[in-house]
Amino acid sequence: MMATQPEKPHYFDAVYEVVRQIPRGRVTTYGAIADFLALGSARMTGWALRNIAGTEDVPAHRVVNRVGELSGRHHFPSPTFMRRMLEREGVKVVKDRVSDFDNVFWNPADELL
DNA sequence: TGTTTGACCACGG
DNA sequence: GCCGTGGCCAAAC
């Protein structure tokens, strides 16, 4: 029978929704998302993104840590996938870190109200 | 059921 | 700027 399937927490959908709004060529942080949602914590954002497997509509590569490092790169099909994707969008990445982070940082709390 | 672990972050020194 | 510490909250063990 239909055993009770583990439903996706609302928190997941909330995170995905915000990540989908990140404009091309911009990035945001785990903390900014958690802060904007006023739910959970930065760690939960990473936890939600890790569970993203199968949801390709979400540009998870546009989420970096607070100093612009591609801390989640090892969770992509290839360690270079995240960097490749960002560079293709015009984001300059040097040594797995967004060099002009302050300029490309997109804060949902500011832009997405 | 207690401990450890994470795609993290703010803060103090 | 670096480092240690505490907070965060759910999953995995």
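Every heavy atom of this structure was used, including side-chain atoms; hydrogens, water molecules and symmetry mates were not. Here is the naming used below: chain letters follow the sequence lines, and residue numbers restart at 1 for every chain. Only a predicted model underlies this, so the values are computations on that prediction, with no experimental measurement involved.
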Margin query: A:R97: which residues meet the side chain to side chain donor-acceptor pair (under 3.5 Å) condition with it, sequence neighbours left out?
Written below: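 Side chain to side chain donor-acceptor pair (under 3.5 Å) check on A:R97 returns nothing, list empty.
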
Next item on the list: List in chain and number order the residues that pass side chain to side chain donor-acceptor pair (under 3.5 Å) with A:T45, two or more places apart in sequence or in another chain; answer none if no residue qualifies.
Entry: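 Partners of A:T45 under the side chain to side chain donor-acceptor pair (under 3.5 Å) test: A:Y11.
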
Rounded distance in Å - [atom1] ([X]) to [atom2] ([N]):
{"X": "A:D96", "N": "B:dA7", "atom1": "CG", "atom2": "P", "value": "15 Å"}
{"X": "A:W47", "N": "B:dA7", "atom1": "CH2", "atom2": "P", "value": "13 Å"}
{"X": "A:F101", "N": "B:dC8", "atom1": "CZ", "atom2": "P", "value": "13 Å"}

Notebook entry, point to check: How far apart are the closest heavy atoms of A:P108 and A:A32, and which atoms are they?
Noted result: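 Heavy atoms only, the tightest pair is CG-O, 4.0 Å.
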
Note to self: I need the minimum non-hydrogen distance between A:Y30 and A:G72, along with the two atoms involved.
What the structure shows: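 Here A:Y30 and A:G72 meet closest at OH-N, 3.9 Å.
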
Item checked: Phosphate-side-chain proximity, A:T45 and B:dA7, N/O vs OP1/OP2 below 4.0 Å ->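 For B:dA7, OP1/OP2 do not have a side-chain N/O of A:T45 under 4.0 Å.
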
Notebook entry, point to check: Any side-chain heavy atom of A:D57 within less than 4.5 Å of one from A:Y16?
Noted result: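 Not in contact.
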
Rounded to whole angstrom, note down the [atom1] distance from [N] over to [M].
{"N": "C:dA10", "M": "B:dT1", "atom1": "C1'", "answer": "16 Å"}
{"N": "C:dG7", "M": "B:dG6", "atom1": "C1'", "answer": "14 Å"}
{"N": "C:dG6", "M": "B:dT4", "atom1": "P", "answer": "15 Å"}

List, with names and distances, any nitrogen or oxygen atoms from the protein found under 3.5 Å away from nitrogen or oxygen atoms belonging to nucleotides 9-13 of chain B.
from	atom 1	to	atom 2	distance (Å)
B:dC9	OP1	A:G31	N	3.3
B:dC9	OP1	A:R66	N	3.3
B:dC9	OP2	A:R66	N	2.7

Notebook entry, point to check: side chain to side chain contact (heavy atoms under 4.5 Å, CB included) with A:P79: which residues, sequence neighbours excluded?
Noted result: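 With neighbours one apart ignored, the set is A:H74.
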
Next item on the list: Starting from A:L86, walk the hydrophobic network (Ile, Leu, Val, Met, Phe, Trp, Tyr; side-chain heavy atoms closer than 4.5 Å) and list everyone else you reach, by chain and number.
Entry: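 Members besides A:L86, by chain and number: A:V27, A:V64, A:L70, A:F76, A:F81, A:M82, A:M85, A:V91, A:V93, A:V98, A:F101, A:V104, A:F105.
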
Note to self: Over all strands shown, is A:A60 touching base, sugar-phosphate only, or nothing at heavy-atom distances under 4.0 angstrom?
What the structure shows: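 Base, at least one base atom sits under 4.0 Å.
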
Item checked: Nucleotides bounding contact with chain A, strand DNA chain C, heavy-atom threshold 4.0 Å ->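 So the contact region on DNA chain C extends C:dG7 to C:dA11.
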
Item checked: Rounded distance (nearest 0.5 Å) linking atom CD1 of A:I52 with atom NE2 of A:H75 ->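 Interatomic distance, A:I52 CD1 to A:H75 NE2, rounded to 0.5 Å: 12.0 Å.
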
Item checked: Candidate pair A:V19 and A:R62, rule side-chain contact (heavy atoms from CB on, under 4.5 Å), full reasoning -> CA-CA 8 Å; A:V19 175; A:R62 294 180 188 152; 5.6 Å; no

